[in-house]
Amino acid sequence: MSFSADWLSLRFDADLRARDAGLAKQLADALPSRDLRILDLGSGTGANLAALAPVIDRGQHWVLTDNDVGLLDQVLPPVGVSCDRLAVDLAGDLSEVFDPTPDLVTASAFFDLCGPQLIDRVVTETFAARAAFYTVLTYDGREAWSPPHPMDAEVLDAFHADQRSDKGLGKALGPDANAYLADRFSEAGYKVLTASSDWLLDQSQDGELIRALADGSASAVQAALGTATAESWAKDRRNAAKVMIGHQDLLALPG
């Protein structure tokens, strides 16, 4: 599965505002005070690199991975940060991207698209590397659109069903992904910390993103609810005054 560069650009500011600063600082404090090798899964155009590199604030070499080489080609690493770009199908064997061994494995808005088998492989490889793990903006299923609409609950149920379909990375866990990650890393002996990183959107500054969300959600539920119903909901939702979309950040540190 791949997203357009326009969508990734549109969500960048909302993502940056939503990230939990406290959890990011705990990550930076826990990492070794030397040059680091960082593996980023599903990198897209490099939003995670742009947001996280200044927080870590030491020598860094990033390995950026995505199945869309066109997105990777648009990555502009910050000054003083080096990177490799690997066009790779993350649904397959991960041994290539974990060699050489990373100090940190990270991702942004990725794991809710993944099936449990892929997450299991990531946990196994991360544990074998004794690496830290940090993922942000994993969708957790909570949404609140204001003012409310009588179809909100039905649309959300249908959207969750679509979220759990196969996106090319196995039958996706969708809203259950963050809890699954926490359980698997806890079982591996990691210390696991989580924090909310919700989008808090306002029509005055995020109107374009709200309209895109409404249209995207309507498209996802058309098959279940019918085109007319989905489009009727989206027509009202494009002008929602406020929208909350629930996300979680997760930090897992080796025991």
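A quick note: this is a predicted structure, and the numbers were derived from the prediction, not measured.
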Do [X] and [Y] share a hydrophobic cluster (ILVMFWY, side-chain heavy atoms under 4.5 Å, transitive)?
| X | Y | value |
| --- | --- | --- |
| Leu193 | Val55 | yes |
| Met244 | Leu209 | no |
| Leu200 | Leu213 | no |
| Leu253 | Ile38 | yes |
| Phe12 | Leu201 | no |

If I compare all heavy atoms of [X] with all of [Y], which pair ends up nearest, and what's the gap?
| X | Y | answer |
| --- | --- | --- |
| Asp112 | Tyr139 | OD2-N, 3.0 Å |
| Asp202 | Ile210 | C-CD1, 3.9 Å |
| Ala240 | Trp145 | CB-CE3, 3.8 Å |
| Ala132 | Pro254 | CA-CD, 4.1 Å |
| Gly44 | Leu8 | CA-CD1, 4.0 Å |
| Phe111 | Ala177 | O-CB, 3.3 Å |

Output the distance between atom [atom1] ([X]) and atom [atom2] ([Y]), rounded to the nearest 0.5 Å.
| X | Y | atom1 | atom2 | answer |
| --- | --- | --- | --- | --- |
| His160 | Arg164 | NE2 | CZ | 6.5 Å |
| Thr126 | Phe185 | OG1 | CZ | 4.5 Å |
| Ile56 | Lys25 | CD1 | NZ | 13.5 Å |
| Asp89 | Leu94 | CG | CG | 9.5 Å |
| Leu39 | His61 | CG | NE2 | 10.5 Å |
| Asp198 | Gln248 | CG | CD | 7.0 Å |

So, [X] side chain and [Y] main chain: donor-acceptor pair closer than 3.5 Å or not?
| X | Y | value |
| --- | --- | --- |
| Gln74 | Ala5 | no |
| Ser232 | Ala228 | no |
| Thr101 | Ala129 | no |
| Thr124 | Asp120 | yes |
| Asp103 | Arg37 | yes |
| Ser146 | Ala241 | no |

- request: May I have the step-by-step check of side chain to side chain contact (heavy atoms under 4.5 Å, CB included) for Asp162 and Val221, ending in yes or no?
  value: CA-CA 7 Å; Asp162 178 77; Val221 305; 5.7 Å; no

May I ask you to test the [X]-[Y] pair for a side-chain heavy-atom distance under 4.5 Å?
| X | Y | result |
| --- | --- | --- |
| Leu36 | Arg34 | yes |
| Asp40 | Leu52 | no |
| Leu250 | Val192 | yes |
| Trp233 | Glu154 | no |
| Leu90 | Asn67 | no |
| Asp66 | Leu64 | no |

Next item on the list: Go through Arg19 and Asp249 one step at a time and tell me if the salt bridge (Lys or Arg N to Asp or Glu O under 4.0 Å) criterion holds.
Entry: CA-CA 7 Å; Arg19 286 167 172 259; Asp249 294 354; over 6 Å; no

Exercise for the section: List the steps and the verdict of side chain to side chain donor-acceptor pair (under 3.5 Å) for Asp6 and Ser4. Expected result: CA-CA 5 Å; Asp6 288 343; Ser4 73; 5.2 Å; no

Residue set satisfying side-chain hydrogen bond (donor to acceptor under 3.5 Å, both in side chains) with Asn178, at least two apart, ordered chain then number -> none

Any ion pair linking [Y] and [X] (charged N to carboxylate O, less than 4.0 Å)?
| X | Y | answer |
| --- | --- | --- |
| Asp152 | Arg237 | yes |
| Lys242 | Asp206 | no |
| Glu187 | Arg184 | yes |

Would Asp215 and Arg238 count as a side chain to side chain contact (heavy atoms under 4.5 Å, CB included) if you check the C-alpha gap in whole Å, the side-chain angles of each, and the deciding distance to 0.1 Å?
-> CA-CA 8 Å; Asp215 290 341; Arg238 291 181 190 118; 2.6 Å; yes

Intermediate values then yes/no, salt bridge (Lys or Arg N to Asp or Glu O under 4.0 Å), Asp73 and Arg85: CA-CA 8 Å; Asp73 284 344; Arg85 300 169 175 84; 5.2 Å; no

Quiz item: Please walk me through it: do Asn48 and Ser43 pass side chain to side chain contact (heavy atoms under 4.5 Å, CB included)?
Solution: CA-CA 7 Å; Asn48 198 30; Ser43 304; over 6 Å; no

- Message: If you take the centroid of each ring, where Trp contributes its six-membered ring, are Tyr190 and Phe133 closer together than 6.0 Å?
- Response: no

